[in-house]
Amino acid sequence: MASLHNTFVGISSPNPFWLASAPPTDREVNVERAFAAGWGGVVWKTLGIDPPVVNVNGPRYGFWRGDNQRVQGFNNIELISDRPIGTNLEEIARIKSRWPDRAVVVSVMFPLEEEQWARWLPEIAATGADGIELNLGCPHGMSERGMGAAMGQAPQLVEAVTRMAKAHTRLPVIVKLTPNVTDITWSAVAAKAGGADAVSLINTVNSLISVDLDTMAPVPSIDGKGTHGGYCGPAVKPIALHMLAEIGRHPTLAGLPVSGVGGVTSWRDAGEFLALGAGNVQVCTAAMLYGFRIIEDLAEGLEMWMDEKGYATLADLQGRALPNVCDWNCLNLNYMTKAEIDANRCIGCGRCFIACEDTSHQAIEKVSATGLYQVKVADCVGCNLCVAVCPVPDCISMAPMREGTDPRTGQVIDSIPRSWREHPANPLALCHAMEREKE
Amino acid sequence: MGRYANHEGFLMERHALTEEAVANRFRGMETRLTDVDAVVEAERCFTCYDAPCTDACPAAIDIPAFIRALAVGQPARAASLILRENPLGMSCARVCPVEALCEASCVRVSDAGGAVRIGLLQRVAMEHAGPGAMAPVSGGSFRVAIVGAGPAGMTVARLLAEEGVQATLLDADSRPGGLNETGIAAYKMLDDAAQKEAAWLLRHPCIEIRLQTVLGRDVTLASLREQYHAVVLALGLAAQRRLQIPGEELPGVLPAVPFIAALRRGETVPVGREVVVIGGGMTAIDIAIQIRLLGADIVHICYRRGIEDMGASEHERQLARDQGVLIHAGLRPVEIREAVGGGMELLMDFWHKEAGKWVPSGKSVTCFADQIFTAIGQTLDQSTWVDDPKLMSVALDAQGKIAVDELGRTNLPFIYAAGDCAGRSPDLTVHAVADAKRVASAILADLKSEVA
């Protein structure tokens, strides 16, 4: 049996699933229920200075529903903890004493004022908490006050605030990064320079989720007005995965622990984050939509998959996919695929046909005798659009073509990999070759 | 709905069902989706290109398009997409044997979840239908008379009116709708659906309707032909086919269609305890289910050939079985006699298939019934035409229906036939609509080429 036991920046937890800093970790009663359900750890909802912030009293969430009424994307305009910091600290202490084997990391957001950090970080450490997460990502409400994403978007501030935090605690410091930047590695480099033990990413993405066309007000609407919020849920996972990979393959960031956050809903999502180098994962939206019990599905699912693949520990699989992430110009241009439609599975819906005919390469035709569809190999560029639109699982696949002649171009297929850097059409290919020779 | 009472002279006194009790029993036969369920179901549609459901729909409704409109929260637009191809979209959503048409051809039919429930989706969409475009189209000066305000006649009138033709509908009845109004089970047309639909269809400035007007009595074909540029015969099949066996004239033996019509009008009707329905089509099912819901203890459907040969679909047959109706195959009525002490004895021969042919098996059975319904089909009613020598020259085909070409033209110029009375048309409501669409476009083309 695979072990899900996780150690992240020295913090131990029975599994790699932490609840992210958010409404599910707002208070003792929630966290108690989460740990009883089996969550490995929590990042306590962000604490700020007293007196606490005041939230709106109208709707604070908006959502985008996909098919079958499922929420695919979610946004919120909630602020950090709106309860007194002292109350939170008492609850954290009680939780930690009751659940010593679980990870309890406390998220904080203070202004860049030395006395705040000097006062509160020791008090947090006194609760028995395992670590500190710096909320440098919240994109709404707090950022207008110069904190959250307003700090996270300026690398100098990321470095300064990290350094300040490190100066006032011996607990590991995880810097939570905002995705609302041009290049996430600048933020990560700054956090590392400030002494961060790890980064976590992503926080929510700036969003205006929809407009009510009857009232002409953004959603969620507070008395007819709306504001931008933070976008999360399954829709943001691809953004998170990309940023995770960019940090993982950055030359000076290699080895920096990353806690993966962003749209984790199933064990498979978690597996993908871990494979791209995350040391653990944080979950919020899925728990908010389905309740804490999803931890069973996440943990058992991941464990079963690890058993099937022969991974005994999380370390065995962590970062396995990272070496395969490369720049476009390193992709093998001699690698060729052609779509294949399985006639036994095809139901004749024609979705692949019309997608290809109207918007791609006119490479699919209807077989009049059967009413089913087939690929015209001589026109197929292997783009994969037909696979995307086909509603039948495994009906269309992309079959590699490793030898012979490509009927589309008439060119003999070269089995030797060749990327753009060596491609004859690239005017700089010769320079690349000379560089390689020098090396 | 009126009240229902037992037939006088039946074996046992029975109480009349209250109007509410009848309504509740019929309501239980309804299947419908809520608006939210409809969105979820609509999202199951794969939006096929060249969709097989549309191919299978006789009215050629763009089914993926209307389902998409439902999925994106615009049921009223879904309704207008349906009405664009099928002005009787509301009736068809209720009476179409979708399991044999569009849903049978759905690419998801073999999925675990089954075919997309197109019929129920159409019903939801039609419940959101708006008033529709009512503006008269200018420039049209043609006048067309349509005899019979049933599904075919109403559809022809609406389609012509939308093209600016002045359409005059004549109907013998006091209400429009034809078989849609009189021949379809009450439980399928709750909430006055047929009358609402007829009102929508006929609410067009280019449509005029003249009720209680009988061809051959109040107007002649010759006079219509003189006053109008074209005439459409959409007469339906108003005469009941007879068993032609002894005892058929007994008072407990009733043709099903007038009985169903009386139910639809809310009249008090007699309800037997032990009922036999003779026939195998939709009408047989409709009467069997209704009489059972109204309180009959035992209801038999006796059909002359095999179960699989019945005109009623398996879905309809199952609806009847679910209500406790017993369906028998290979039974042919021979004689009906008065039973001692009241009621009737129905003598039937058993037939079976030998080498692909139905032959008598030599066995027979006598069945007691206090009410017998005949649902063995209708024929063209020519009784009022005899005084109209010109109409008599309308050629009939071998089945006794009006002979027409592919586009609904009769042997006489500018006289057309559509719906059940025309030789080509099968008997579903949606077939009448499809027929009407062909005839309307033929009339428009013929009239324009006459002018040109």
Side-chain angles (χ1 to χ4, degrees), chain A residues 62-73 209-215 219 234 339 341-376 385-396, chain B residues 33-57 60-78 98-99 101-118 120-121 124-125 128 130:
Chain A
F63 34 84
W64 160 54
R65 291 186 196 276
D67 281 1
N68 288 311
Q69 300 293 294
R70 287 220 182 128
V71 171
Q72 302 292 319
I209 201 153
S210 71
V211 175
D212 182 326
L213 288 178
D214 294 321
T215 61
V219 174
I341 299 173
D342 182 344
N344 293 318
R345 289 179 189 263
C346 177
I347 56 174
C349 72
R351 292 278 303 274
C352 59
F353 165 77
I354 201 61
C356 190
E357 192 74 8
D358 281 352
T359 68
S360 285
H361 297 83
Q362 298 76 46
I364 293 177
E365 63 192 350
K366 189 173 192 167
V367 182
S368 55
T370 59
L372 305 179
Y373 292 85
Q374 69 186 16
V375 175
K376 294 190 276 183
L385 177 64
C386 51
V387 176
V389 300
C390 179
V392 181
D394 303 326
C395 177
I396 308 183
Chain B
L33 296 175
T34 64
D35 286 359
V36 173
D37 288 341
V39 171
V40 173
E41 184 64 16
E43 284 168 351
R44 292 188 63 236
C45 174
F46 285 160
T47 319
C48 295
Y49 174 76
D50 208 357
C53 51
T54 294
D55 284 348
C57 175
I61 293 173
D62 188 344
I63 292 167
F66 98 70
I67 290 181
R68 178 78 192 144
L70 276 179
V72 298
Q74 293 181 311
R77 185 161 62 86
V98 287
E99 67 287 344
L101 296 171
C102 51
E103 293 183 14
S105 68
C106 176
V107 297
R108 301 200 72 168
V109 74
S110 330
D111 270 16
V116 175
R117 302 211 278 174
I118 300 165
L120 292 179
L121 290 175
V124 170
H128 292 84

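Protein chains get the first letters and strands the later ones, always in sequence-line order, with residue 1 at the start of each.
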Q) What residue in A:Cys349, A:Ala355, A:Cys352, A:Pro391 has the most heavy-atom pairs under 4.5 Å with chain B? A) A:Cys349
**Q.** Interatomic distance, B:Cys48 atom SG to A:Ile354 atom CD1 [nearest 0.5 angstrom]
**A.**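 Reported to 0.5 Å precision, the distance equals 12.0 Å.
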Q. Where is the tightest heavy-atom contact between A:Ile347 and B:Val107, given as atom of each residue plus distance?
A. O-CG1, 3.2 Å
Donor-acceptor pairs under 3.5 Å, chain B versus chain A:
from	atom 1	to	atom 2	distance (Å)
B:Glu43	OE1	A:Asn68	N	2.2
B:Phe46	O	A:Arg351	NH1	2.6
B:Tyr49	N	A:Cys349	O	2.8
B:Asp50	OD2	A:Lys366	NZ	3.1

Q.
Holding to side chain to side chain contact (heavy atoms under 4.5 Å, CB included), I want the full list of residues that pass it with A:Cys390, two or more places apart in sequence or in another chain.
A.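 With sequence neighbours excluded, A:Cys390 shows a side chain to side chain contact (heavy atoms under 4.5 Å, CB included) to A:Val392, A:Cys395, A:Ile396, given in chain and number order.
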